[in-house]
Amino acid sequence: MSSVDAPAKLSLDELNVLAPVGIQGALAACCAAPAWVSSMTAGRPYASADSMCARSDAAVTALTEADLRAALEGHPRIGERAGRSWSRQEQAGVFAADDELRQALAKGNAEYEERFGHIYLVCATGRSGSELLAFLRERLANEPEAEWRIVATELAKINRIRLRKLLGTAGELA
């Protein structure tokens, strides 16, 4: 996991005309899955943030398990302070929690990784540490195939938020 800060905000027009290296770098800050980045790059030009988010949702739906694993490489564990500034912002509810809750999350993360073989991915924006822990505990009962579908759903939510942050339209979260 890289500790790189979030990229500079871009207008939709700027994003639409960026050279491939530039667009790929900006998009990889949103989602580490190369297949997602390729799909998003190929979808340009975007008429609106909404159309870009719709393309993102479709790209996430098309990701394989291997692609999802690649996307997970771009996310720290819930409760870890490491990561990009966006991850730290998204997990603000966890960092406001007390030591007991953070320890419970660390234990839950370990149980989850043991059960599923990958980190617990959840859209943490606007959620408290106790909500994230409760969701983690619920998800431990899932079958692996169902859990991958939830991972994709949570990734799609995160990607929409990050794309809007990239475009400076985070106040228009959908």
Side-chain angles (χ1 to χ4, degrees), residues 1-97 102 105 109 118-129 131-132 135 150-174:
M1 172 64 224
S2 170
S3 61
V4 176
D5 282 335
K9 290 178 182 149
L10 300 167
S11 72
L12 191 60
D13 289 338
E14 290 169 327
L15 187 131
N16 280 332
V17 298
L18 270 178
V21 169
I23 185 68
Q24 291 168 355
L27 292 172
C30 297
C31 180
W36 181 87
V37 171
S38 293
S39 178
M40 295 300 296
T41 301
R44 292 188 303 164
Y46 294 102
S48 67
D50 288 341
S51 66
M52 190 173 184
C53 288
R55 174 70 178 220
S56 175
D57 289 348
V60 168
T61 299
L63 295 179
T64 65
E65 183 179 316
D67 296 328
L68 289 170
R69 285 186 186 280
L72 293 175
E73 292 297 317
H75 294 273
R77 285 177 185 84
I78 293 295
E80 283 188 356
R81 291 195 182 267
R84 293 186 169 106
S85 62
W86 283 348
S87 294
R88 291 189 301 272
Q89 292 167 4
E90 292 158 0
Q91 293 191 39
V94 174
F95 301 130
R102 283 194 299 273
L105 274 166
N109 280 332
H118 57 83
I119 68 163
Y120 163 57
L121 183 75
V122 62
C123 182
T125 300
R127 289 182 164 164
S128 69
E131 288 174 299
L132 295 170
F135 195 36
I150 294 170
V151 166
T153 298
E154 294 298 307
L155 179 65
K157 291 176 192 176
I158 294 165
N159 289 355
R160 283 192 301 269
I161 290 168
R162 290 181 175 187
L163 285 169
R164 290 191 182 279
K165 285 179 180 179
L166 179 66
L167 296 174
T169 59
E172 305 168 22
L173 297 178

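Remember, predicted model here, so these are calculated numbers, not experimental data.
Across every non-hydrogen atom of A35 and L63, the tightest pair is CB-CD2, 3.9 Å. Considering all non-hydrogen atoms of both residues, A71 and L155 come closest at CB-CD2, 3.7 Å. Of all heavy-atom pairs between G129 and L105, the closest is O-CD1, 4.2 Å. Taking all atoms of both residues into account, the shortest heavy-atom contact from L72 to I119 is O-CD1, 3.8 Å. Across all non-hydrogen atoms, the minimal contact from I161 to C123 is CD1-SG, 3.6 Å. Nearest approach of A70 to A33, heavy atoms of both residues: CB-CA, 4.1 Å.
A donor-acceptor distance shorter than 3.5 angstrom exists from the side chain of R44 to the backbone of L18, with no hydrogens or angles considered. Judged by distance alone, the side chain of N159 and the main-chain N or O of V60 form no donor-acceptor pair under 3.5 Å. Side-chain atoms of E154 do not come within 3.5 Å of backbone N or O of V151 as any donor-acceptor pair. In this structure, the side chain of Y46 engages the main chain of M40 through a donor-acceptor pair within 3.5 Å. The main-chain N or O of T169 is never found under 3.5 Å from a side-chain atom of R164 such that the two would form a donor-acceptor pair.
Side-chain contact between M52 and L15 is present, with at least one heavy-atom pair separated by less than 4.5 Å. You'll find the side chain of L167 stays beyond 4.5 Å of the side chain of K9, heavy atoms only.
Electrostatic pairing of R69 and E65 counts as a salt bridge here, judged by a charged N lying under 4.0 Å from a carboxylate O.
Summarising the geometry, atom CD1 belonging to I78 is positioned 14.0 Å from atom CZ belonging to R102; distances are rounded to the nearest 0.5 Å. In this structure, CD1 in I23 is found 11.0 Å from CD in E14, a value given to the nearest 0.5 Å. In this structure, SG on C31 lies 9.0 Å from CG on L163, to the nearest 0.5 angstrom. In this structure, the separation between NZ on K165 and CD1 on I158 is 10.0 Å, given to the nearest 0.5 Å.
Here side chain to side chain donor-acceptor pair (under 3.5 Å) pairs that include residues 53-62, with residues two or more places apart or in two chains, are W36-S56, S39-R55, D57-R160.
Legend: residues meeting side-chain hydrogen bond (donor to acceptor under 3.5 Å, both in side chains) with D67, ordered by chain and number and at least two apart, are T64.
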